[in-house]
Amino acid sequence: QIKSNMKLIMFTGRMNMDPQSNPFEDAWAAFSDKGDPWRRILIESIGEIKVFGTLASPNNNESVLISSPSLSSYAEKLPSGQGFDVILHELSGVKHLLIEKKNGADLSLFTAMVFDVFSTLKSPKLMPESALIDRMMLRIKSWQEFMKKGSKKLSNEQELGLIGELQCIQDMIRLGSCAEDVINHWTGPFRGVQDFIFDIGAVEVKTTASPEAFKAVIHSLEQLDDFFISPIFLFGYRVQESAKGRTLNDFVSGVREILT
């Protein structure tokens with residue numbers, strides 16, 4: 001059984017770009033001859049930040065290249081993820097961050113990852129370039145952690161948190177929010193700072209099985225930091241173990257049903 005002890009807020013914000021039209025796929029496809037591995041196509045300029053689609057030398061792997069003066073404060077080599085590497089290169093005297101797909105890695109997952117990372121640079125608020133780069137780096141690290149997990153079993157705390165997020169998805173959709181928007185803005189699986197990040201605000205979901213006081217664990221001060229996105233809403237769910245209650249698989253099935 002699950003109950004909400006907080007009022008739900010309806011969100012209808014949309015992503016800045018249509019996920020059905022991925023500019024990185026178009027850029028990689030343009031390099032059909034794969035002659036020059038460092039040819040690049042500009043995807044977008046955001047202030048002094050420039051984002052390119054490219055093929056990385058020497059393996060011609062699909063990659064994203066990001067240039068910014070703020071990258072000078074980062075180390076030359078960042079931790080690699082399962083399926084992709086993150087390396088700093090200097091091209092024409094300018095620091096570039098290269099996100100390169102590893103040989104044999106799944107292209108569709110890599111494409112989804114770089115599109116999601118790119119979306120963190122497109123903040124609706126005016127933010128310093130260094131803050132945008134820091135935000136992007138946090139998202140890259142979140143993907144690295146996500147792809148390391150593999151098929152590890154969820155802990156009781158993680159399962160409880162996932163149940164709350166799945167219930168929140170259903171509640172927002174039932175209140176009238178666009179289902180596609182809710183799913184596209186769900187960052188919980190990638191260990192985002194908040195569980196949902198919309199253009200008009202963020203949502204952090206807390207779930208407890210305590211029958212008495214509602215104790216919400218804040219894992220980092222970033223969860224309550226409204227510098228990058230404001231306002232931040234807190235959703236609270238209290239669950240009770242019952243033989244007649246729903247399992248985690250039931251909550252997953254409930255989301256699937258409401259999406260069809």
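Here the structure is a predicted model, which is why all the values come from computation and not from measurement.
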Under 4.5 Å between any side-chain heavy atoms of Ile66 and Met136, yes or no?
-> yes
Heavy-atom distance under 4.5 Å between the side chains of Val239 and Thr208, does that happen here?
-> no
Given Val114 and Phe84, is the side-chain contact (heavy atoms from CB on, under 4.5 Å) satisfied, shown in steps?
-> CA-CA 10 Å; Val114 296; Phe84 66 97; over 6 Å; no
Within a strict 4.5 Å, meaning less than it, do heavy atoms of the Met113 and Trp143 side chains meet?
-> yes
For Asn61, does its backbone N or O pair with a side-chain atom of Ser63 as donor and acceptor, under 3.5 Å?
-> yes
Could you check if a side-chain atom of Thr111 sits within less than 4.5 angstrom of a side-chain atom of Trp28, using non-hydrogen atoms only?
-> yes
Rounded distance (nearest 0.5 Å) linking atom CG of Leu248 with atom CG of Leu166 = 6.5 Å
Can you sort out the partners of Ser68 under side chain to side chain donor-acceptor pair (under 3.5 Å), two or more places apart, ordered by chain and number?
-> Glu129
hydrophobic_cluster_shared for Ile46 and Ile133, side chain cutoff 4.5 Å = yes
Report yes if some heavy atom in the side chain of Arg139 is under 4.5 Å from a heavy atom in the side chain of Arg135; otherwise report no.
-> no
Show your working on side-chain contact (heavy atoms from CB on, under 4.5 Å) between Lys102 and Phe110 and close with a plain yes or no.
-> CA-CA 9 Å; Lys102 288 185 176 179; Phe110 177 77; over 6 Å; no
Taking the six-membered ring where the residue is Trp, are the ring centres of His185 and Phe196 under 6.0 Å apart?
-> no
At what distance, to the nearest 0.5 angstrom, does CD1 of Ile99 lie from CG of Leu97?
-> 5.0 Å
Value for CD1 (Ile173) from CD (Glu180), rounded to nearest 0.5 Å, stands at 11.0 Å
Measuring from Glu157:CD to Thr207:OG1, what's the distance to the nearest 0.5 Å?
-> 10.5 Å
Looking only at heavy atoms, what is the nearest atom pair of Cys168 and Tyr237, with distance?
-> CA-OH, 3.2 Å
Any chance you could lay out the side-chain contact (heavy atoms from CB on, under 4.5 Å) test for Leu98 and Leu88, step after step, and finish with the verdict?
-> CA-CA 6 Å; Leu98 177 71; Leu88 278 174; over 6 Å; no
Kindly indicate whether a cation-pi arrangement holds for Arg238 with Phe214, taking the cut-offs as under 6.0 Å to the six-membered ring centre and within 45° of the axis.
-> no
So OG of Ser155 and CD of Gln158: to nearest 0.5 Å the spacing works out to 3.5 Å
Same cluster for Val205 and Phe233 if Ile/Leu/Val/Met/Phe/Trp/Tyr side chains link at under 4.5 Å?
-> yes
Which atom of Val94 lies closest to which atom of His96, heavy atoms considered = O-ND1, 2.9 Å
Within the side chain of Thr54, is there an N or O that forms a donor-acceptor pair under 3.5 Å with the backbone of Ala56?
-> no
Met137 vs Leu71, side-chain contact (heavy atoms from CB on, under 4.5 Å): CA-CA, chis, key distance, verdict | CA-CA 10 Å; Met137 290 298 194; Leu71 288 169; 3.8 Å; yes
For Leu259 and Ala179, work out which heavy atoms get closest and say how close.
-> CD2-CB, 3.6 Å
Within a strict 4.5 Å, meaning less than it, do heavy atoms of the Val203 and Glu165 side chains meet?
-> no
Quick one: pull up CD in Glu62 and CD in Glu25 and give me the separation to the nearest 0.5 Å.
-> 10.0 Å
Those residues that, when tested against Asn249, pass side chain to side chain contact (heavy atoms under 4.5 Å, CB included) (two or more places apart) | Thr247
Going by distance alone, is a donor N or O of one side chain under 3.5 Å from an acceptor N or O of the other, for Trp186 and Asp195?
-> no
Heavy-atom side-chain contact between Ile43 and Phe24 under 4.5 Å = yes
Is the side chain of Ser45 donor-acceptor paired with the backbone N or O of Val51 at a distance under 3.5 Å, no angle test?
-> no
Salt bridge (charged side-chain N to carboxylate O under 4.0 Å, His left out) against Lys206, all qualifying residues, sequence neighbours excluded | Glu204
Residues Ala30 and Ile41: closest non-hydrogen pair is CB-CD1, 3.6 Å
Do Gln167 and Phe251 have side chains that get closer than 4.5 Å, going by heavy atoms?
-> yes
Under 3.5 Å, is there a donor-acceptor pair between the Asp106 and Ser108 side chains?
-> yes
